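Taking it in order: structure first as structure tokens, then the write-up.
Worth knowing before you read on, the calculation uses all heavy atoms, side chains too, and leaves out hydrogens, waters and symmetry mates. Just so it is clear: chains get the letters A, B, ... in the order the sequence lines come, proteins before strands, and each one is counted from 1. Only a predicted model underlies this, so the values are computations on that prediction, with no experimental measurement involved.
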Number of protein chains: 2
Amino acid sequence: MAQRSAVTRRAPLSRDRVLRAAVTRADAAGIGSINMRGLAQELGVVPMALYKHVAGKDELLDGMVDLVIGEFEPPAAGPDWKSEVRRRVLSARRAVLRHPWARLAIESRTRRTPAVLGYMDSLAGAFLAGGFSAHLTHHVMHALGNRIWGFTPELFDAPPDADAPAPDPEARAAMAREFAERYPHILQIATAATDGDLSRVGDGCDEQFEFEFALDLLLDGFDRLRVAGWTPGSARSTGSA
Amino acid sequence: MAQRSAVTRRAPLSRDRVLRAAVTRADAAGIGSINMRGLAQELGVVPMALYKHVAGKDELLDGMVDLVIGEFEPPAAGPDWKSEVRRRVLSARRAVLRHPWARLAIESRTRRTPAVLGYMDSLAGAFLAGGFSAHLTHHVMHALGNRIWGFTPELFDAPPDADAPAPDPEARAAMAREFAERYPHILQIATAATDGDLSRVGDGCDEQFEFEFALDLLLDGFDRLRVAGWTPGSARSTGSA
DNA sequence: ACGGTAGGTGTACGGTGTACACCTGTCAAG
DNA sequence: CTTGACAGGTGTACACCGTACACCTACCGT
């Protein structure tokens, strides 16, 4: 009775509980909210206790990314290599979109955990099973780059920029005029992308479309190389002029 | 005499001197060595003095990236859009390779400085002048992604890993065996990439080749879309199955 | 002669990751 | 039942970071 206190004991920590708490916290408050003190407090524990379960913050981040990778759809025997790769990459994308912090975390991580290697291995396997040579598989994976994780490196999107207290329509118009003069080509494609309604320019692009556009462009290019029997010695990398 | 001390006065700081010192320091010791205290000491000044010339660390990083962008070859009227885009992107790549920290800095920066916008604008201009519609220009720039900066997001390369005090050939062989069993496809492409000499697997890929491979693959794909008269309504993004 | 100001100083605060010594409850072996 | 190892939680402390704020000081145009 004295020992087994009636008060419910805190469930003992575990690496898994720590990682899941971190993922939940990051989902809610962003990757910037992940720090040992805050995470420990959330778990009702002193900061240093976490170090019994994760080696340090780096390993914590790695573990969080691994949890996200665990949400990817598993490999399967698709009808053809292209739809299988497409399915898996878009599945990765859905998982990363569920955990918006994962993009930054993946980009900043450098360690190749077993989960990371396993995913890359299964993707490579899809190419190889689809008739790609090992050499070509190597290069096309490089060509995909971070797209295998389901995101394109941001190009145009800027954060909403929580400054500029008063949008002052006069100054705003002047800025727009200066922008149009200095960056006419960006203006031109932004106008096209928003169907002429430039007030929507802050809404960002249709990321999903952009992602699939580039993904399919690459996949189609890969297929052309494969059917053309690409070998390491082919003239120029893609065999064209 | 008392005022104009014979001792040579330190040349007054300036935003430019601060940024150049930071770039030099980062070139020599990596982006991790950039901190206000160390940089100030190098300039023979107290940390807070820097804040008279840069708003804070973020703006410092932005300014450093701008200096690198300043090293890019300027736009020119090339014989065709493809060689012009190719020239500029490969020029960006050379600059980024001269400043290895720039890759990380560019990836982590979110602000679009005039230098960044100017570069993106001139690239967009090359596509538009080459006959791309504004819509298509928008999408192909997304497809290029960070490749416009001259680098592919790292996929395979891991840092040399300064741990593992003794490479212990026995354990090393065991690890290799386990790796081969768990990640057979990665092994297969690594074997191809090193022409069978797996001891070279740590040397990394031929980054230059990988970069141009993917760049040309994308550029060729872009050209196919352009000559096919791609419009926003085309079936699927790339017009193929 | 004087006042404003650009530029450099000094101190201090709140935040971070984590090394290290310590305690404590559990459980298996003696 | 005793004991001792050990996994897991604690408390303190340190070094480092960015930077807010008040200050001082030398210059320069009036």
5' priority, DNA chain C, between Ala55(A) and Met48(B) [closest heavy atom]: Met48(B)
Arg15(B) side chain reached by Glu59(B) side chain, heavy atoms, under 4.5 Å: yes
Spacing of Gln41(B) atom CD relative to dG10(C) atom C1', expressed in whole Å: 16 Å
Take atom CG of Leu50(B) and atom P of dG10(C), then tell me their distance rounded to the nearest Å. 14 Å
Donor-acceptor pair under 3.5 Å, Arg37(A) side chain vs dG15(C) base: no
Could you check how far CE of Met36(B) sits from P of dC13(C), rounded to whole Å? 21 Å
Does a side-chain heavy-atom distance below 4.5 Å link Trp101(A) with Ile34(A)? no
Mind calculating the distance between CG (Leu13(A)) and C1' (dT10(D)) to the nearest angstrom? 13 Å
Distance check needed: dT9(C) P versus Leu43(B) CG, whole Å only. 11 Å
N or O in side chain of His53(A) less than 4.0 angstrom from dG9(D) OP1/OP2: yes
Salt-bridge criterion met for Arg86(B) and Glu212(B) (N-O under 4.0 Å): yes
Taking OH from Tyr51(A) and P from dT16(C), how many angstroms apart are they, rounded to a whole number? 11 Å
In terms of side-chain heavy atoms of Asn35(B), which of dG8(D), dT9(C), dC17(D) is nearest? dC17(D)
Please give me every residue in residues 56-65 of chain B whose heavy atoms get under 4.0 Å of an atom in DNA chain D, ordered by residue number. Gly56(B), Lys57(B)
Between Glu178(B) and Arg182(B), is there a salt bridge with N-O shorter than 4.0 Å? yes
Check whether the side chains of Thr113(A) and Asp66(A) place a donor and an acceptor atom closer than 3.5 Å, and report yes or no. yes
Provide, to the nearest angstrom, the distance between the CZ atom belonging to Arg15(B) and the P atom belonging to dG8(C). 15 Å
Between the side chain of Glu84(A) and the main-chain N/O of Ala76(A), is any donor-acceptor distance below 3.5 Å? yes
Length of the line joining Lys52(B):NZ and dT19(D):P, which is rounded to integer Å: 15 Å
Begin from the C-alpha positions of His142(B) and Phe209(A) and carry the test ring pair (Phe, Tyr, Trp, His ring centres under 6.0 Å) through to its verdict. CA-CA 10 Å; His142(B) 268 287; Phe209(A) 179 86; 9.5 Å; no
